[in-house]
Protein chains: 2
Amino acid sequence: MYSIQQISQMTGITAYTLRYYEKIGILPSPARHDGKPNGIRRYSDQDLSYIRFIHGLKQTGMKLEDIASFTEDGCLLKQDGEGIEDLPGTLQKRMAILDHHIEWLNQQMEQLERVKGIAEDKRSFYASLLQDHAEV
Amino acid sequence: MYSIQQISQMTGITAYTLRYYEKIGILPSPARHDGKPNGIRRYSDQDLSYIRFIHGLKQTGMKLEDIASFTEDGCLLKQDGEGIEDLPGTLQKRMAILDHHIEWLNQQMEQLERVKGIAEDKRSFYASLLQDHAEV
DNA sequence: ATAGAAGTTCGAGTTGACTCGAAGTCAAGC
DNA sequence: GCTTGACTTCGAGTCAACTCGAACTTCTAT
């Protein structure tokens, strides 16, 4: 179990931002200490890996609103393994959302390839000009 | 030569945004009508292709500030072919910036691959659960 | 028991990237 | 000649995504 600061250091997301993500429903509320330091967030390894996944989507340019669709409906993906006594309908719903995200990732990759192609064309154009110059 | 509205339609960027990009130095000022409708922007094909390139970088998640480094220093890349009597130093500078951008594009692609891998793992995990369920 | 560090909530402020409206110019068509 | 419509500049407004400070609690070490 990790504190918010530890999660912050491990993921590179500030504690401010982690609480903000929780507030707007992008991250599920983690377990809290029920003992002495009441109310303090305690993150599990599952929480950590979920946060990393979300962060990955974020860093590849997905909007928070779109990411939110993942966490919605009672934080479906909070735990990946347990509690799968729920109907296959829920599972299919999760998969549909994932498919949507994968589709988006593919489009991003295509876009990236296109732009990279243009950049490389420009680069080789400059390189050839430089070559010509050197030959004079 | 195109009007700002035509450029807007061809690129999907609003006229407001085009002027904004020009204002903050991301796009070079295009030629203007010097005849009657004084001051009206007239974009060339070169302008168009440059705008498309910039727009591509934008859509792949690059910040305007980082894109700006490309246009800086007197709108170096405004015209790709002409006026190359300038020193090879300038050329090398352009290439260095391009290299930087290509490097960034590569990193984005790696990131995208990573996240896609995680998403696909999740997906196949769900798929297998669904399979198990069906077999009961 | 008291100071300090780290956590809590809440609401306000900042930044980046647009987005728009107002006021004005200009050329063309009725 | 007068309206219409696309352009111009400029400054202000909006929205997403943080980012922070204030006021408070609560454990830990002196």
Side-chain angles (χ1 to χ4, degrees), chain A residues 1-44 47-48 51-72 104 111, chain B residues 1-44 47-48 51-72 104 108:
Chain A
M1 291 299 213
Y2 313 104
S3 74
I4 198 164
Q5 276 310 325
Q6 286 174 309
I7 292 288
S8 172
Q9 277 167 10
M10 286 185 287
T11 60
I13 308 171
T14 68
Y16 289 134
T17 304
L18 286 167
R19 292 196 198 96
Y20 170 69
Y21 282 179
E22 197 180 320
K23 185 161 68 184
I24 64 173
I26 266 166
L27 294 179
S29 312
R32 302 294 185 116
H33 259 195
D34 46 343
K36 319 335 158 13
N38 219 309
I40 290 190
R41 290 166 181 82
R42 305 265 92 192
Y43 295 88
S44 68
D47 289 334
L48 176 57
I51 291 168
R52 286 199 162 124
F53 177 53
I54 292 303
H55 193 212
L57 289 175
K58 178 77 223 313
Q59 286 188 313
T60 53
M62 186 174 282
K63 283 191 296 179
L64 293 187
E65 191 184 340
D66 294 337
I67 295 174
S69 67
F70 210 71
T71 311
E72 260 168 24
W104 181 88
Q111 177 79 5
Chain B
M1 289 302 210
Y2 313 104
S3 73
I4 198 164
Q5 277 309 327
Q6 286 175 309
I7 292 288
S8 173
Q9 276 165 11
M10 287 186 287
T11 60
I13 308 171
T14 68
Y16 289 134
T17 305
L18 285 167
R19 292 197 198 94
Y20 170 69
Y21 282 180
E22 196 181 320
K23 185 162 66 182
I24 63 172
I26 267 166
L27 294 178
S29 312
R32 303 292 187 117
H33 260 195
D34 47 343
K36 320 331 155 20
N38 218 309
I40 290 191
R41 290 169 181 79
R42 305 266 93 193
Y43 295 89
S44 68
D47 289 333
L48 176 57
I51 290 168
R52 287 199 161 125
F53 177 54
I54 292 303
H55 193 210
L57 288 176
K58 179 78 225 311
Q59 287 188 314
T60 53
M62 187 175 280
K63 285 190 296 180
L64 294 185
E65 190 184 340
D66 295 336
I67 296 174
S69 66
F70 211 71
T71 313
E72 260 167 26
W104 181 87
Q108 282 293 101

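Treat the numbers as computed from the prediction; the structure is a model and nothing was measured. Keep in mind that the numbers below use all heavy atoms, side chains included, and drop hydrogens, waters and symmetry copies. Chain letters run A, B, ... following the sequence lines, proteins first and then strands; every chain starts at 1.
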Worked verdict on A/Met10 versus A/Leu48 for side-chain contact (heavy atoms from CB on, under 4.5 Å):
CA-CA 9 Å; A/Met10 286 185 287; A/Leu48 176 57; 4.1 Å; yes
Within the distance-only criterion (no hydrogens, no angle test), does the side chain of B/Arg41 pair as donor or acceptor with the backbone N or O of B/Arg19 below 3.5 angstrom?
no
Indicate whether OP1 or OP2 belonging to D/dC7 is found under 4.0 Å from a side-chain N or O atom of B/Arg41.
no
Would you indicate what A/Ile24 reaches in the nucleic acid, counting non-hydrogen atoms under 4.0 angstrom: base, sugar-phosphate, or nothing?
nothing
To the nearest angstrom, the CD-C1' distance between B/Gln59 and C/dC18 comes to 15 Å
Choose from D/dC7, C/dG7, D/dT19 the nucleotide whose nearest atom is closest to any side-chain atom of A/Gln5.
C/dG7
Phosphate OP1/OP2 of D/dT8 contacted by B/Arg42 side-chain N/O (<4.0 Å)
no
Rounded to whole Å, OH of B/Tyr43 lies from C1' of D/dT8 at a distance of 12 Å
Rounded to the Å, how far apart are A/Ile7 CD1 and C/dA6 P?
17 Å
So what does A/Ser3 touch, heavy atoms closer than 4.0 Å: a base, only the sugar-phosphate, or nothing?
sugar-phosphate
Choosing from D/dT19, D/dC18, C/dT19, which nucleotide comes nearest the side chain of B/Tyr16?
C/dT19
As a test of reading the structure: which of D/dT8, C/dC18, C/dA17 is closest to the side chain of B/Tyr21, going by heavy atoms?
C/dC18
Integer-rounded Å distance: C/dG16 C1' and B/Asp66 CG:
12 Å
Checking the side chain of B/Ser8 only, and the main-chain atoms of B/Ile13 only, is there a donor and an acceptor separated by less than 3.5 Å?
yes
When you measure from the side-chain N and O atoms of A/Lys58 to the phosphate of D/dA16, is any distance below 4.0 Å, counting only OP1 and OP2?
no
For B/Arg19, which contact category applies under a 4.0 Å heavy-atom criterion: base, sugar-phosphate, or nothing?
base
Figure out the NE2/P separation between A/His33 and C/dA6, and round it to whole Å.
16 Å
Between CD1 on residue A/Ile67 and CH2 on residue A/Trp104, distance to nearest 0.5 Å:
8.0 Å
Starting from C1' on D/dT8, measure out to CD on B/Glu22 and report it in whole angstrom.
11 Å
Among C/dT19, D/dA17, D/dC7, the one nearest any side-chain atom of A/Lys63 is D/dA17
Output the rounded distance in Å from NZ (A/Lys23) to C1' (D/dC20).
11 Å
B/Gln59 side chain to B/Gly56 main-chain N or O, any donor-acceptor pair under 3.5 Å?
no
Choose from D/dC18, C/dA6, D/dC7 the nucleotide whose nearest atom is closest to any side-chain atom of B/Ile4.
D/dC7
Tell me the interatomic distance from A/Leu18, atom CG, to C/dG7, atom C1', rounded to whole angstroms.
13 Å
Between C/dT25 and B/Arg32, is there an OP1 or OP2 to side-chain N/O distance shorter than 4.0 Å?
no
